[in-house]
Amino acid sequence: MHRINENAYVETRTKKKVRQERGEYMEGMEVSNGKIADQLHLMAQLLEILEENPFKIRAYIRAAEVIGRLATPVAALSPKDLETIAGIGPAIAEKVHEIAANGTFPELEEARGRVPPGLIEMLTLEGVGPKTARVLWKKLHIETLDDLEKAARGHRIRTLKGFGEKKERGFLKAIAIARQRKEERRMTRLEADLVIEEVKRVMREGTYDVAGSYRRGKSTIGDIDIVSVDTPSTLNRRLTQIADEVLDEGERKTSFRCRGSRVDIRYTTRSTLGTMLLYLTGSKAFNIRLREIALQKGWRLNEYGIRDLTLGTVHEFSREAEIFSFLGMDPIVPELREDWGEIDAALSHNLPNLVERSQIRSDLHVHSSWSDGNLDIPALAKAGEAHGYTHLLCTDHSSSLGIARGLDEPALRRQAHEIEISNRDSSCQILHGVEVDILADGTTGLPSRILKDLDVVIGSVHSAFSQEIDVMTRRVLSAIGNEHIDIIGHPTGRLLGQREAYAIDMPRVIAAAAEAGKALECNASPFRMDIDDLHIREAVTKGVPISIGTDSHGPGDLAWMDYGVKLCRRGWAEPGNILNTMSVDGLREWAS
DNA sequence: GCCGTTTTCGGCCCGACTGTTTTCAGTCG
């Protein structure tokens with residue numbers, strides 16, 4: 001497992017900070033998009049239990065999703081501006097405005113008052129939806145997981161119409177699972193790769209495609225979706241060898257747990273592979289939009305083809321590209337399929353020309369054995385050559401970060417000498433950089449007289465993560481204003497599944513970077529994936545260059561470049577937006 | 001509750017699997 005070296009910064013957490021992390025509302029604090037999305041989502045759940053109009057519920061869910069992936073904080077927007085966002089109408093705009101001011105809105109509080117709080121937790125149980133939760137509540141007065149457990153053990157569930165022994169056992173099992181896992185954790189891409197490797201062992205080459213969020217290049221993966229053209233009877237038998245547990249099994253679909261994660265296999269034939277792959281790749285919102293477009297033309301799109309509803313004829317598609325063409329749009333690559341504007345762009349033939357892996361000429365954040373990496377400079381150059389790079393940016397830590405064996409001035413001078421020697425006979429040039437700490441007060445961990453002689457400088461936050469949002473933002477802004485810093489490294493500081501991003505105003509950071517002509521890093525380490533797609537898109541829109549770096553500490557880590565490129569493609573980045581597409585000289589000139 | 005190059009009213013994606021049923025509701029993706 002890759003080691004993450006972070007400064008063990010001892011901090012006293014104020015109550016305010018803890019509440020902020022929990023996402024609780026506080027007077028005078030700008031409510032985050034995530035918090036607003038959570039409230040809208042909660043409203044949707046309550047309305048489900050209350051048996052409200054399903055389309056109203058969908059409207060709340062859609063609004064929550066849309067707001068969740070906006071970079072700009074919606075709390076600052078007026079209801080009128082909010083209404084310009086697709087999926088948000090006058091009613092929800094008003095509610096968002098209320099959440100921004102009060103942390104909630106009257107309809108939400110009213111709905112909350114009518115539903116026992118424990119019912120929301122019951123909805124998280126596998127196999128328990130709003131209808132089930134409501135019946136249990138109304139008929140048996142079950143309001144919590146404990147109530148449900150007692151009722152199931154006492155065989156009281158089976159007295160209900162439509163419920164039997166299997167449901168009772170199912171509830172008990174779901175409760176056990178829910179109690180065991182602390183929280184539903186998404187996989188890193190590295191973990192997803194391990195699960196996929198395991199599944200591939202029993203699959204035949206050329207008979208499957210990995211779909212889902214993995215194929216879309218997302219920074220974290222919920223479950224693994226695979227399309228297979230093998231026969232269910234033979235493959236299902238082989239899959240049981242690697243399954244921890246089979247969840248359900250059929251002729252068209254099999255779900256199981258492998259290495260603790262859910263894997264869904266869908267079976268299809270080669271002649272309908274295109275529609276199945278399209279369906280299983282998603283996203284859900286993308287599929288819905290595409291099916292609506294088909295419907296407007298009088299066609300029904302599903303995973304088996306497109307049916308003409310008037311003629312009754314069915315068109316089959318072996319390849320995805322044919323479906324897009326049939327619908328009158330340009331082909332949309334998986335990374336863009338989020339209903340994030342790409343469908344309209346495809347219809348009007350305005351899709352971006354996304355950056356491609358083959359255009360990447362360098363890795364712009366690697367560590368060597370001079371600090372906490374495994375490879376020395378010549379080995380690094382060799383590894384760069386193997387990846388087809390013309391150059392690598394070696395950025396070891398500055399000495400202020402004691403834990404990572406940071407470099408001081410004499411060490412940097414010796415390192416420069418070693419790099420010079422290596423560059424004499426290597427096709428992969430090592431650029432001499434540093435990952436300098438942005439200290440708590442916004443100054444750098446190394447003095448200007450050292451930084452000015454380096455090729456490219458990354459400035460990163462490695463300490464005092466719990467600063468207030470305004471302090472942290474100004475801290476990073478002063479680094480952007482530092483003439484010797486070229487790139488802000490892993491700008492939000494998150495460690496996936498371990499540590500939340502620190503409080504930072506990314507739109508302000510992006511605007512400042514645009515103004516100063518500095519780059520933001522897309523850190524491609526699967527443990528970071530920082531900045532994420534929504535901020536890349538915002539940066540691209542504002543003309544801020546993106547620098548992809550694997551933050552590599554060992555030879556295998558350089559392969560993480562793929563993750564970074566996919567993430568940038570999700571952010572609609574074209575080659576001109578990415579520093580890694582530049583030549584050595586071009587990059588030197590940009591940084592000077 | 002949202003939305004409109006057929007609509008400002010009347011639509012709103014579509015199918016697989018399970019458990020409970022004798023034809024389907026609920027959940028899930």
Side-chain angles (χ1 to χ4, degrees), chain A residues 40 43-44 47-49 51-66 82-96 105 107 122-136 157-171 173-174 211-213 222-227 232 236 246-256 262-268 272 275-276 278-307 309 328 339 343-344 347-348:
Chain A
L40 295 176
M43 183 67 178
L47 292 178
E48 280 201 303
I49 295 170
E51 297 184 306
E52 260 284 357
N53 175 359
F55 301 108
K56 182 172 174 175
I57 293 162
R58 210 180 97 182
Y60 273 101
I61 292 172
R62 171 142 194 249
E65 283 171 355
V66 166
L82 283 164
E83 277 186 57
T84 63
I85 302 169
I88 298 179
I92 292 185
E94 191 53 48
K95 280 154 188 139
V96 169
F105 55 96
E107 292 85 349
M122 279 173 50
L123 287 183
T124 64
L125 294 178
E126 187 78 24
V128 177
K131 296 283 196 299
T132 303
R134 184 183 170 85
V135 169
L136 294 171
I157 308 281
R158 63 184 70 171
T159 60
L160 293 173
K161 197 175 130 210
F163 291 76
E165 284 179 50
K166 284 195 173 178
K167 288 249 174 180
E168 276 177 354
R169 282 201 295 274
F171 290 152
K173 191 177 164 198
S213 56
D223 59 15
I224 304 294
D225 297 298
I226 296 174
V227 177
N236 279 347
V246 176
L247 300 170
D248 46 36
E249 195 175 47
E251 277 297 295
R252 295 164 183 267
K253 161 182 187 189
T254 291
S255 300
F256 58 97
R262 186 190 172 106
V263 180
D264 291 326
I265 310 265
R266 284 297 305 260
Y267 293 104
T268 194
T272 58
T275 35
M276 185 59 86
L278 184 82
Y279 157 70
L280 208 60
T281 298
S283 67
K284 182 177 178 172
F286 175 86
N287 284 346
I288 291 175
R289 272 295 308 280
L290 225 54
R291 288 171 177 196
E292 281 172 354
I293 286 171
L295 214 51
Q296 281 164 15
K297 296 174 185 281
W299 302 327
R300 170 177 296 158
L301 168 62
N302 63 22
E303 57 265 51
Y304 304 108
I306 293 180
R307 172 186 290 271
L309 292 173
D339 188 20
I343 293 173
D344 291 331
L347 285 166
S348 59

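Predicted model, so just to flag it, every value in this text is computed and none were measured. Letters A, B, ... are given to chains in the order of the sequence lines, protein chains preceding strands, and every chain is numbered from 1.
Within the nucleic acid shown, Q296(A) comes within 4.0 Å of at least one base atom, counting heavy atoms only. Using a 4.0 Å heavy-atom criterion, one finds that I57(A) contacts no nucleic acid atom at all. Within the nucleic acid shown, D248(A) comes within 4.0 Å of sugar-phosphate atoms alone, with no base atom in reach, counting heavy atoms only. As judged by a 4.0 angstrom heavy-atom cut-off over every strand, Y279(A) is placed among the base-contacting residues. Across all strands shown, I88(A) has heavy atoms under 4.0 Å from sugar-phosphate atoms exclusively, and none from any base. Across all strands shown, G87(A) has heavy atoms under 4.0 Å from sugar-phosphate atoms exclusively, and none from any base. Residue P54(A) is classed as having no contact, given no heavy-atom separation below 4.0 Å to the nucleic acid. Residue R266(A) is classed as a sugar-phosphate contact, given heavy-atom separations below 4.0 Å to backbone atoms only. Here R262(A) lies in heavy-atom contact (under 4.0 Å) with sugar-phosphate atoms only. In this structure, R300(A) reaches the sugar-phosphate backbone alone: every heavy-atom distance under 4.0 Å involves primed, P, OP1 or OP2 atoms, never a base. A86(A) comes within 4.0 angstrom of sugar-phosphate atoms only, judged by non-hydrogen atoms across all strands, and of no base. Contacts of K161(A) with the nucleic acid, taken as non-hydrogen atoms under 4.0 Å apart, are absent. Here L290(A) lies out of heavy-atom contact (under 4.0 Å) with every strand. Within the nucleic acid shown, E165(A) comes within 4.0 Å of sugar-phosphate atoms alone, with no base atom in reach, counting heavy atoms only.
For D223(A), the salt bridge (Lys or Arg N to Asp or Glu O under 4.0 Å) criterion is met by no residue, not counting sequence neighbours. Every residue meeting the salt bridge (Lys or Arg N to Asp or Glu O under 4.0 Å) condition with R291(A), not counting sequence neighbours, appears here in chain and number order: E303(A). Listed by chain and residue number, R134(A) satisfy the side chain to side chain donor-acceptor pair (under 3.5 Å) test with E51(A) (two or more places apart in sequence, or in another chain). Shown here are the side chain to side chain donor-acceptor pair (under 3.5 Å) partners of E292(A), two or more places apart in sequence or in another chain: R58(A). Residues passing the salt bridge (Lys or Arg N to Asp or Glu O under 4.0 Å) test with D248(A), sequence neighbours excluded: none.
A distance of about 16 Å separates the C1' atoms of dC3(B) and dC13(B), rounded to the whole Å. To the nearest whole angstrom, the two C1' atoms, one in dG10(B) and one in dA16(B), are 29 Å apart. Between dT5(B) and dG1(B), the distance separating the two P atoms is 23 Å to the nearest Å. Distance noted for atom P between dC17(B) and dG11(B): 31 Å (whole Å). Separating the C1' atom of dC12(B) from that of dT7(B) is a span of 13 Å, rounded to the nearest Å. Nucleotides dT22(B) and dC28(B) have their C1' atoms positioned 24 Å apart, rounded to a whole Å. Look at the P atom in both dA25(B) and dT21(B): the space between them is 14 Å, to the nearest Å. A distance of about 46 Å separates the P atoms of dT20(B) and dC9(B), rounded to the whole Å.
In 5' to 3' order, the nucleotides of DNA chain B bounding all contacts with chain A (an atom under 4.0 Å from a heavy atom) are dG1(B) to dG29(B).
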Q: For T132(A) and F163(A), run side chain to side chain contact (heavy atoms under 4.5 Å, CB included): C-alpha distance rounded to whole Å, both residues' side-chain angles, the deciding distance at 0.1 Å, then the answer.
A: CA-CA 10 Å; T132(A) 303; F163(A) 291 76; 3.9 Å; yes
Q: In sequence, state the C-alpha distance, the side-chain angles, and the governing distance for Y267(A) and N236(A), and then conclude on side-chain hydrogen bond (donor to acceptor under 3.5 Å, both in side chains).
A: CA-CA 10 Å; Y267(A) 293 104; N236(A) 279 347; 2.7 Å; yes
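A donor-acceptor pair is defined here as one N or O able to donate and one able to accept, closer than 3.5 Å; such a pair exists between the side chain of E168(A) and the backbone of R158(A).
Mapping K56(A) and G162(A) onto DNA chain B via the closest heavy atom, the residue that lands nearer the 5' end is K56(A). Between R291(A) and E107(A), the residue whose closest nucleotide on DNA chain B is further toward the 5' end is E107(A).
Syn is the glycosidic conformation of dT7(B), whose angle stays within 90° of 0.
Across all strands shown, dT8(B) remains unpaired; no Watson-Crick or G-U wobble contact has both distances below 3.5 Å.
Salt bridge status for R266(A) with D264(A): absent, with no side-chain N to carboxylate O gap under 4.0 Å.
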